[in-house]
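Order of listing sets the numbers, starting from 1, for every ligand and every atom in it. Bear in mind that the values here come from a model prediction, so they are computed numbers and not experimental data.
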Amino acid sequence: MSYEGFETLAIHAGQEADAETGAVVVPIYQTSTYRQDGVGGLRGGHEYSRTANPTRTALEECLAALESGVRGLAFASGMAAEDTLLRTIAKPGDHLVIPTDAYGGTFRLVSKVFERWGLSWDAVDLSDTEAVRAAVRPTTVAIWAETPTNPLLNIADIAALAEVAHSSGALLVVDNTFASPYLQRPITLGADVVVHSTTKYLGGHSDVVGGALVVADADLGERLAFHQNSMGAVAGPFDAWLTLRGIKTLGVRMDRHNANAERVVNALVSHPEVASVLYPGLPEHPGHKVAADQMRGFGGMVSFRLRGGEEAALRVCAKTKVFTLAESLGGVESLIEHPGKMTHASAAGSPLEVPNDLVRLSVGIETADDLVNDLLQALEP
Ligand SMILES: *Cc1c(COP(=O)(O)O)cnc(C)c1O
């Protein structure tokens with residue numbers, strides 16, 4: 001039987017019942033090596049778990065199916081996935097276009113690690129397609145996009161960026177962590193590589209760190225698999241299993257994240273202490289139309305700015321009770337943070353600096369009334 005519905009793929013892709021025992025859930029193959037039936041007599045190609053492990057393979061096949069790619073690869077973290085990707089596609093002398101509000105860890109990797117190895121970069125506002133076109137050089141190997149971005153929730157037009165990248169022989173890489181494949185599938189819009197921090201919505205329960213790459217092209221998939229094995233930053237079997245378990249409920253979780261975020265946004269837009277709300281679902285958001293076209297639902301991330309400046313922003317972060325003050329995002333529990341002093345503190349003074357009156361919410365799947373009431377009491381001056 002063939003199937004292609006997103007929720008069915010999330011629960012079944014790469015996850016046939018165990019041939020020997022019928023176990024419905026893919027086992028945690030907690031093994032480093034595999035018995036050979038005579039020298040070179042590998043069972044199912046299994047030789048050593050850095051190269052392949054059945055629990056990780058199940059996750060990789062599931063991720064490829066969810067992102068409409070031909071191959072998925074799972075890593076120990078989102079940053080490990082990014083490092084492996086960049087070392088696969090780039091060499092000294094090459095150039096990258098990155099977003100002006102790239103994820104802080106991506107900016108650090110590119111500017112503090114890869115620059116030393118001869119990779120140059122330009123940070124460009126990716127919502128301005130013509131500015132991106134102007135920044136692309138003959139040595140540009142990739143346009144690195146995020147949409148929505150962190151923490152400003154800017155939107156880039158994936159299909160338009162794919163055209164710009166491909167017209168000059170570059171790849172379009174999309175970090176799809178914020179949207180998840182349930183809301184947006186970049187490969188169907190022309191992207192070549194999708195990057196995930198599976199730590200966030202895919203895992204979904206704030207209990208595992210992981211990363212992934214999904215590619216549209218089998219040859220690039222082979223080169224990435226070679227580097228994944230050569231560099232070795234793979235997802236362990238238990239981490240892969242936890243991530244697979246989280247993915248099974250991705251669709252229902254994302255529906256609730258969307259609905260709760262809308263409730264929260266509605267409460268914030270009319271609040272006298274709130275100067276502005278950054279959410280692509282708002283009709284006045286500059287990327288609203290593009291987001292509505294390329295996403296199904298606007299996600300669970302909401303940022304807002306306070307009329308009372310930094311002091312007010314810090315006060316709100318200190319006063320919430322249901323929203324936990326913590327970095328990271330995408331879990332079932334709601335989180336609040338001050339990007340200027342927390343996730344984006346290292347961006348101070350760089351092109352990626354964020355306003356100090358900004359608060360970022362990862363809206364979880366608790367009861368919406370409790371979330372709204374918690375924010376209202378925290379906003380009381
Ligand atoms: C968290 C995150 C990463 C990095 O992933 P880790 O799993 O923390 O290494 C990359 N991109 C985005 C958008 C993220 O939110």
Looking at Ser328, Gly203, Ser197, the heavy atom closest to atom 8 (O) of ligand 1 belongs to Ser197

Under a heavy-atom criterion of less than 4.0 Å, does His196 contact ligand 1?
no

Nearest-option assignment for atom 11 (N) of ligand 1, heavy atoms, candidates Thr199, Thr149, Asp175
Asp175

Less than 4.0 Å is my threshold; does some heavy atom of Gly210 fall inside it relative to ligand 1?
yes

Min side-chain heavy-atom separation Arg305-Val274 under 4.5 Å
no

Give a yes-or-no answer on whether the side chains of Asp101 and Thr149 include a donor-acceptor pair shorter than 3.5 Å.
yes

Using a 4.0 Å cut-off to any heavy atom of Ser77, which atoms of ligand 1 qualify?
7 (O), 9 (O)

Let me have the donor-acceptor pairs involving side chains of residues 208-224, under 3.5 Å, with sequence neighbours excluded, atom names and distances please.
residue : atom : partner : partner atom : Å
Asp217  : OD2  : Asp219  : N            : 3.3
Asp217  : OD2  : Leu220  : N            : 2.9
Glu222  : OE2  : Arg71   : NH1          : 2.6
Arg223  : NH2  : Thr88   : O            : 3.0

Closest non-hydrogen protein atom to atom 15 (O) of ligand 1, residue and atom name please, with distance?
Lys200 NZ, 2.8 Å

List ligand 1 atoms under 4.0 Å from Glu82, heavy atoms only on the residue side.
10 (C), 11 (N)

Only counting residues at least two apart or in another chain, list the ones meeting side chain to side chain donor-acceptor pair (under 3.5 Å) with Thr57.
none

re atom 3 (C) of ligand 1, the protein heavy-atom contact at minimum distance is Tyr103 CE2, 3.3 Å

Please check if any side-chain donor atom of Glu333 sits under 3.5 Å from a side-chain acceptor atom of Thr324, or the reverse.
no

Is a side-chain donor-acceptor pair under 3.5 Å present for Gln184 with Glu67?
no

Any N or O of Phe178 closer than 3.5 Å to N or O of ligand 1:
no

Below 3.5 angstrom, do we get any N/O pair linking Gly78 and ligand 1?
yes

Between Ser334 and Glu366, a side-chain donor and acceptor under 3.5 Å:
yes

